[in-house]
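Computed over heavy atoms, backbone and side chain alike; hydrogens, waters and symmetry mates excluded.
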Amino acid sequence: MEFPKITSRWYGETDKNIASIFKSAKEHNVVICIDEADSLLYNRNFAAQEHDIRFVNIMLQEIERFEGEIILTSNMDNLLDPALERRVSLKIRFDLPDKKIRTEIWRSHIPSKVSLGQDVDFTILARQFEFSGGYIRNAVLHALRRLAQDKRNTITMDDLLLEHGLKRTDFCQRE
């Protein structure tokens, strides 16, 4: 579901769009996945306008009536409307990866065509930064953009740290 394709400024259109999504999912026997569910199912106590409350109400009603599978994702579940709780049959929390897994995530995002500088130490990065896999991926992508911009093929520790305004000498010594 893409939020901009659901909502409409015209009264009643958003309701129709929501109903259409659930109807289509039922007809085609597909799973509905609502990414960043907090943007669609936010706590109505924080709604700015009446139509925002109506929108959440309709989403909750459709979820309750739907007999298929719905996957909701959010990294801000504290913002979800409390009425959603009874409509969810299973919650799975994904904690941040541990140091060992973070080390592997850092390593796995470096393309094989890129050389590693002698100072690159994924263990230090994993120990120093308790990041999610997505955040690590973004840090590596920023570093790779710098490499491409500078027309270099070797990534250094400073390349990986620059996004955080740090240099290797600012915080760590090799283990």
Side-chain angles (χ1 to χ4, degrees), residues 1-112 122-145 160-161 163-164:
M1 267 193 222
E2 295 178 34
F3 186 74
K5 291 181 180 177
I6 297 170
T7 57
S8 172
R9 64 182 175 165
W10 305 111
Y11 187 83
E13 286 299 310
T14 299
D15 308 18
K16 288 179 193 174
N17 292 342
I18 293 169
S20 173
I21 289 166
F22 283 88
K23 180 182 178 197
S24 180
K26 181 179 180 180
E27 288 171 356
H28 296 95
N29 194 30
V30 296
V31 173
I32 294 175
C33 182
I34 304 175
D35 191 24
E36 304 296 349
D38 49 278
S39 68
L40 298 172
L41 294 159
Y42 48 86
N43 190 323
R44 289 170 287 178
N45 291 328
F46 303 122
Q49 299 177 354
E50 183 270 324
H51 69 271
D52 294 334
I53 294 171
R54 179 180 166 84
F55 175 80
V56 175
N57 287 343
I58 292 166
M59 287 293 297
L60 290 168
Q61 290 168 358
E62 290 293 339
I63 287 171
E64 186 152 1
R65 285 192 283 248
F66 189 64
E67 295 177 5
E69 300 295 321
I70 302 174
I71 298 171
L72 306 173
T73 69
S74 176
N75 57 358
M76 300 183 73
D77 61 339
N78 59 318
L79 298 180
L80 293 168
D81 193 273
L84 182 63
E85 188 69 30
R86 71 177 176 82
R87 293 167 169 91
V88 173
S89 60
L90 176 66
K91 276 186 177 181
I92 301 172
R93 178 175 297 281
F94 293 96
D95 294 323
L96 290 174
D98 64 21
K99 186 175 113 175
K100 181 179 178 187
I101 294 172
R102 286 194 307 271
T103 301
E104 290 308 311
I105 294 171
W106 279 102
R107 184 174 284 115
S108 71
H109 284 302
I110 305 294
S112 59
F122 298 117
T123 304
I124 289 174
L125 291 168
R127 183 188 71 224
Q128 187 68 27
F129 301 107
E130 293 185 16
F131 291 156
S132 68
Y135 201 94
I136 293 170
R137 181 180 135 273
N138 287 341
V140 172
L141 287 174
H142 284 295
L144 293 172
R145 281 189 207 96
L160 295 168
L161 294 171
E163 177 184 349
H164 312 290

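Smallest separation of non-hydrogen atoms from L96 and E130: CD1-O, 3.4 Å. Listed here is the closest heavy atom pair of A143 and L160: CB-CD2, 3.8 Å. What you find for P97 and G133 is that their closest heavy atoms are CG-N, 4.3 Å.
Atom CD1 of I92 sits about 12.0 Å away from atom OG1 of T73, to the nearest 0.5 Å. In this structure, CZ on F122 lies 14.5 Å from CZ on R102, to the nearest 0.5 angstrom. The line from CH2 of W106 to CD1 of I136 is 6.0 Å long, rounded to the nearest 0.5 Å. Taken from CG in L72 to CG in L84, the straight-line distance is 6.0 Å, to the nearest 0.5 Å. Atom CG of residue D98 and atom CD1 of residue I101 lie 4.0 Å apart, to the nearest 0.5 angstrom. K100 NZ to I105 CD1: the interatomic distance, rounded to the nearest 0.5 Å, is 12.5 Å.
Between F131 and F129, the ring planes lie parallel to each other; the angle is under 30°, not in the 30° to 60° tilted range.
In this structure, the side chains of L161 and L125 come closer than 4.5 Å at one or more pairs of heavy atoms. Contact of the M59 side chain with the V56 side chain is not registered, since no non-hydrogen atoms from C-beta on lie closer than 4.5 Å. Using a 4.5 Å heavy-atom threshold, the side chains of E69 and I71 count as separate. Proximity of T123 to R127: side-chain heavy atoms (C-beta onward) are nowhere separated by under 4.5 Å.
A donor-acceptor contact shorter than 3.5 Å links the side chain of T103 to the backbone of K99.
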List the steps, then state whether side chain to side chain contact (heavy atoms under 4.5 Å, CB included) holds for H142 with V140. CA-CA 5 Å; H142 284 295; V140 172; over 6 Å; no
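Under the salt bridge (charged side-chain N to carboxylate O under 4.0 Å, His left out) criterion, K91 pairs with E85, not counting sequence neighbours. In terms of the salt bridge (charged side-chain N to carboxylate O under 4.0 Å, His left out) criterion, residue partners of R87 (sequence neighbours excluded) are, by chain and number, E64. D38 meets the salt bridge (charged side-chain N to carboxylate O under 4.0 Å, His left out) test with no other residue; sequence neighbours excluded. Residues satisfying the side chain to side chain donor-acceptor pair (under 3.5 Å) criterion with E27, sequence neighbours excluded, are absent altogether. Every residue two or more places apart in sequence or in another chain that forms a salt bridge (charged side-chain N to carboxylate O under 4.0 Å, His left out) with R44 is listed here: D81.
Residue pairs that meet the ring-ring contact (aromatic ring centres under 6.0 Å, His included) test with at least one member in residues 65-104, sequence neighbours left out, are F22-F66.
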